[in-house]
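Down below is the structure, laid out as structure tokens.
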Amino acid sequence: MKIRFEGTFGEVEGDEGFLRQALLNLARNAAEACASAEHGGKVLVRGEVARGDEAGSQQITVFDNGRGSGQPRC
């Protein structure tokens, strides 16, 4: 399993325990999704601090090379 971080991660306000658990869940889901990947699991966590009108907000995106769930279940 390879985990890579890129981008910018800023400070955010909020419940530290809740935010920590949310990020842990995202990372765990990504790791489970790519556990059976042919060439090893890869997870990318990308951070972006907004500028301009959205200044002060943080976007964190988690990508993995897992197979996915097939058809949307919404």
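Being a predicted model, the structure only gives us computed values, none of them experimental.
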Leu26 CG to Thr61 OG1 distance, which is reported to the nearest 0.5 Å: 10.0 Å
Co-membership, hydrophobic cluster, residues Ile3 and Val62, 4.5 Å side-chain: yes
Minimum heavy-atom distance Asp64-Cys34, with the two atoms named: CB-SG, 4.3 Å
Nearest-0.5 Å distance that lies between atom CG in Leu23 and atom CZ in Arg28: 12.0 Å
Residues Glu6 and Arg4 bridged, charged N to O under 4.0 Å: yes
Phe9-Leu19 co-clustered via ILVMFWY side chain contacts under 4.5 Å: no
Shortest non-hydrogen contact from Gly10 toward Gln58: N-OE1, 2.6 Å
Path from Val43 to Phe5 over hydrophobic side-chain contacts below 4.5 Å: yes
